[in-house]
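Some notes on the structure that comes next.
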Amino acid sequence: MTTSAAGGADAAPPADKHPSPASSPHRSLGRPDRSRRSVTGTRRLIAGLFLAPALVLLGALVVYPIAYSVYRSFFDQAGTGFAGLDNYKALFTDDTIRTAVKNNAVWVVFAPTVATALGLIFAVLTERIRWGTAFKLVVFMPMAISMLAAGIIFRLVYDQAPERGVANAVWVGVHDTFSESAGYPKAHPLPVHPLRAGGGGSFVTKTTVRAGQPVQLPLVGVAPTKMPSDAEPAKAAVADDGKITGTAWLDFTRGGGGEPNVIDPKELGLRGIEVEAVKDGEVVATAKAGADGTFTLPASADGAELRLPASNFREPYNGVEWLGPTLVTPGIIGSYVWMWAGFAMVLIAAGLAGLPRELLEAARVDGANEWQVFRRITVPMLAPVLVVVLVTLMINVLKVFDLVFIIAPGSSQDDANVLALQLYRSSFGTDADLGIGSAIAVLLLLLVLPVMYVNIRRIRKEGRR
């Protein structure tokens, strides 16, 4: 009977020789399992082996150069003598480097701000037009161009000569629309001519004029090829008893053979030249010469001196010196904005597409105009995207080099200097000083770190949401 009882239902099951992990005493004590796997199911050792090549490259290409640059910045030009903080003092005492620091500050403040603002405007406005996609494509297209190519393009755009530089061609065209340039900048009389210098760049007749006696106003110094295309052969003025008549012409015969103070058949009239009649220092009458050089003044000019004012001879307007010391930095920033405004526009447009439209419509229903909707709703809701764009461009601006190096000519490169360019010049120029070059590199790193810290904090904050 005892046998059957032992083998009955009340018999205890045999003990398991291999207990499950859940019932393991080690688990209950909280001791780690050495065979624990990561979230992806891969052992940490294997993951570390796969990451090792990347870590080696990161150390060789990033960590070691940074450490060596910091070390080298404390040594002199030859690298054999300890210089202490002398290289860092030079960053704030050397005029060239201080200009680079100042220009970098200008870049950081204006370039990202202008590019982000334009990107925001483009992104908002292109939502309201049918061909918005095509516009975005055109604005974003400069991003496909390298910095080197963009530098060459804008070096030509800012060329001083209006016939080559687009910026000056437009500027001169607008200027000449409202203020016509002089046609004879180098014209002047000869000693044998009946004109003398009148001061301030003008010329006056040597004697007073009388009605009924034609006046001759010959000039030289204008190349025949520079004469107005509609200038006609000069004609002798017809005498008029009640008026002052005369002729202003180019007293030069191409090929030679002409006589001074004589209107020869091949000589051209000075079309459009202004003539003033002056009595007692006051202008009493004015006239402009026709295509053949003839002009007529009223009887009030009788007994006056005739004057060719200096406005006839001023140099023609050649536009703005975009690459001069004053405007070279704003000009290069303009080229940067041309390239990166499309980048800002695309990112902001992506953020704009995710905004809840019901909020915008509710604001309009409540009576808000478009400016109020943009300022109080659209911009605040786009703030995270705007910060991303602004921080990205600030980091990019701190290392700008190509545009400055290509666009700025040698005469104004010192005025457009930035830290990245000065780093190159100090490290690899004719009088290279790797100590100062390394100090500039460390300074650039220190300037980037706060921006990177803000960016990392923002990313972590977004990750917690």
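Throughout, residue positions are numbered sequentially from 1 according to the sequence presented. Computation of the quantities below employed the complete heavy-atom set of this structure, encompassing side-chain atoms and omitting hydrogens, waters and symmetry-equivalent molecules.
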- Item | Centroid-centroid under 6.0 Å between Tyr71 and Phe75 rings |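 Between Tyr71 and Phe75, the centre distance is under 6.0 Å.
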
Within the structure provided, determine whether [X] and [Y] are in side-chain contact (heavy-atom separation under 4.5 Å).
X      : Y      : answer
Leu306 : Val204 : no
Thr99  : Asp414 : no
Val373 : Asn369 : no
Met452 : Ile395 : yes
Asn312 : Leu270 : no
Val139 : Leu118 : no
Val387 : Pro384 : no
Leu386 : Leu390 : no

- Just grab all the side chain to side chain donor-acceptor pair (under 3.5 Å) pairs involving residues 330-348, residues at least two apart or on different chains.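 Found Tyr336-Asn396.
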
Has the side chain of [X] got a donor or acceptor atom that lies under 3.5 Å from a matching backbone atom of [Y]?
X      : Y      : result
Tyr158 : Gly331 : yes
Thr116 : Thr113 : no
Thr93  : Lys89  : yes
Asn103 : Asn417 : yes
Lys279 : Ser300 : yes
Asp76  : Gly81  : yes
Asp402 : Gly151 : no
Asp292 : Ala234 : no
Arg128 : Gly132 : no
Arg271 : Pro228 : no

Of the non-hydrogen atoms in [X] and [Y], which two are nearest, and what is the gap between them?
X      : Y      : value
Pro330 : Leu327 : CD-O, 3.4 Å
Met147 : Met339 : SD-SD, 3.9 Å
Trp107 : Ile332 : CZ2-CG2, 3.5 Å
Asn168 : Val320 : OD1-N, 2.7 Å
Ser427 : Leu423 : OG-O, 2.9 Å
Ala123 : Leu352 : O-CD2, 3.6 Å

Within this structure, what is the [atom1]-[atom2] distance for the pair [X] and [Y], rounded to the nearest 0.5 Å?
X      : Y      : atom1 : atom2 : value
Ile440 : Ile97  : CD1   : CD1   : 4.5 Å
Phe343 : Ile348 : CZ    : CD1   : 9.5 Å
Ser69  : Leu444 : OG    : CG    : 10.5 Å
Leu217 : Thr247 : CG    : OG1   : 8.0 Å
Ser426 : Gln77  : OG    : CD    : 10.0 Å
Thr286 : Arg307 : OG1   : CZ    : 11.0 Å

- Message: side-chain contact (heavy atoms from CB on, under 4.5 Å) for Phe203 and His188? Distances and angles first, verdict last.
- Response: CA-CA 8 Å; Phe203 300 104; His188 62 276; 4.0 Å; yes

- Could you give me the CA-CA distance, side-chain angles and deciding distance for Leu308 and Leu219, then say whether side-chain contact (heavy atoms from CB on, under 4.5 Å) is met? CA-CA 11 Å; Leu308 301 178; Leu219 295 173; 3.9 Å; yes

Counting only heavy atoms from other residues, nucleotides and ligands, does the tally under 6.0 Å from [atom1] of [X] exceed 12?
X      : atom1 : answer
Met143 : CE    : yes
Glu358 : CD    : yes
Arg364 : CZ    : yes

N-O pairing of [X] and [Y] below 4.0 Å:
X      : Y      : value
Glu127 : Arg357 : yes
Asp95  : Lys102 : no
Arg375 : Glu370 : no

- Task: Name the orientation class of the two ring planes belonging to Phe405 and Phe401 (parallel below 30°, tilted from 30 to 60°, perpendicular beyond 60°).
- Result: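 Parallel: the ring planes of Phe405 and Phe401 meet at under 30°.
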
- Would you please classify the geometry between the Phe82 ring and the Phe74 ring as parallel, tilted or perpendicular, with 30° and 60° separating the classes?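 Rings of Phe74 and Phe82: parallel, as their planes differ by under 30°.
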
- side-chain contact (heavy atoms from CB on, under 4.5 Å) between Arg155 and Leu323, worked out: CA-CA 9 Å; Arg155 181 67 180 268; Leu323 300 181; 3.8 Å; yes

- Among Leu393, Thr392, Val391, side chain to side chain contact (heavy atoms under 4.5 Å, CB included) partner for Val389: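 One option only clears the test, and that one is Leu393.
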
- Going through the distances and angles, do Val124 and Phe374 end up as a side-chain contact (heavy atoms from CB on, under 4.5 Å)? CA-CA 9 Å; Val124 172; Phe374 173 76; 3.7 Å; yes

- Message: Tell me every residue that passes side-chain contact (heavy atoms from CB on, under 4.5 Å) with Tyr453, counting only those two or more places apart in sequence or in another chain.
- Response: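 Once residues adjacent in sequence are excluded, the partners of Tyr453 under the side-chain contact (heavy atoms from CB on, under 4.5 Å) criterion are Arg457.
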
